[in-house]
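I have placed the structure first, in the form of structure tokens, so that the comments after it can refer back to it.
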Amino acid sequence: MLSSRTTILLAVATGVALELGIGAMSGRREAWDSSQYWTIGLPIAGVVSLAIGWLSRGRDWLWTLLVVPGQVVTMMVRSMEISGLCPLAVIFSALLSTPFLVAAFIGSRFRPTPPL
């Protein structure tokens, strides 16, 4: 089982890897401008979120809400476009993490129950 800290780090690292990996693969300035983001990146992030849900403790699967904010912050830092609206963008980007949250929830339902 993953600790809360490890779960948070994996969720954020998934977003960072999504932005940097797809950005490097596609050569695009922003990963979501590439078709690989939609066909490769998001499905992989979904599988990682499913695994996080399965490996996490209790309700720690909720931390997968940080996948897209991790990506958005990485995109802003990489493009040097950090503005006063950055906190608002991060908050709203958490809404885009809903599919990862659902995947993590499903993974948590298949988690083996500890013996009593």
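Since this is a predicted model, take the numbers as computed values, not measurements.
- When Ile106, Thr7, Leu101 are each tested for a side-chain contact (heavy atoms from CB on, under 4.5 Å) with Trp61, only one passes: Leu101.
- In this structure Leu55 satisfies the side-chain contact (heavy atoms from CB on, under 4.5 Å) test together with Leu2, sequence neighbours excluded.
- Between Ile40 and Pro43, the closest heavy-atom pair is O-CD, 3.3 Å.
- With sequence neighbours left out, Arg28 forms a salt bridge (charged side-chain N to carboxylate O under 4.0 Å, His left out) with no residue at all.
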I'd like to know whether Thr74 forms a side chain to side chain contact (heavy atoms under 4.5 Å, CB included) with Leu18, so could you lay out the CA-CA distance, the side-chain angles of the two residues, the decisive distance to 0.1 Å, and finally the verdict.
CA-CA 10 Å; Thr74 303; Leu18 184 61; over 6 Å; no
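- Looking at residues two or more places apart in sequence or on another chain, you find no side-chain hydrogen bond (donor to acceptor under 3.5 Å, both in side chains) involving Ser35.
- A search for salt bridge (charged side-chain N to carboxylate O under 4.0 Å, His left out) contacts involving Arg111 returns nothing, not counting sequence neighbours.
- Within the 4.5 Å cutoff, side-chain heavy atoms of Ser3 are placed close to those of Thr6.
- Partners of Ser34 according to the side-chain hydrogen bond (donor to acceptor under 3.5 Å, both in side chains) rule, which considers only residues two or more places apart in sequence or in another chain, are Gln36.
- Ser79 meets the side-chain hydrogen bond (donor to acceptor under 3.5 Å, both in side chains) test with no other residue; sequence neighbours excluded.
- Not a single donor-acceptor pair under 3.5 Å links the side chain of Ser97 to the backbone N or O of Phe100.
- Listed by first and then second residue, the side chain to side chain donor-acceptor pair (under 3.5 Å) pairs involving residues 39-55 amount to none (not counting sequence neighbours).
- In this structure, Gln71 CD and Ile22 CD1 are separated by 9.5 Å, a value rounded to the nearest 0.5 Å.
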Could you list the donor-acceptor pairs under 3.5 angstrom formed by side chains in residues 85-96, with sequence neighbours left out?
from: Ser93; atom 1: OG; to: Ala89; atom 2: O; distance (Å): 3.2
from: Ser93; atom 1: OG; to: Val90; atom 2: O; distance (Å): 2.7

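- Screening residues 54-79 for salt bridge (Lys or Arg N to Asp or Glu O under 4.0 Å), with sequence neighbours left out, gives Glu19-Arg78.
- Put simply, Val68 and Leu9 are part of two different groups of oily side chains (I, L, V, M, F, W, Y) that touch within less than 4.5 Å, one to the next.
- Within the structure, salt bridge (Lys or Arg N to Asp or Glu O under 4.0 Å) pairs that include any residue of residues 31-45 do not occur (at least two apart or interchain).
- Members clustered with Leu66: Ile8, Val12, Val16, Leu20, Trp63, by chain and number, using a 4.5 Å side-chain heavy-atom cutoff among hydrophobic residues.
- Think of Val47 as one node in a network of Ile, Leu, Val, Met, Phe, Trp and Tyr side chains linked at under 4.5 Å; it has no links at all.
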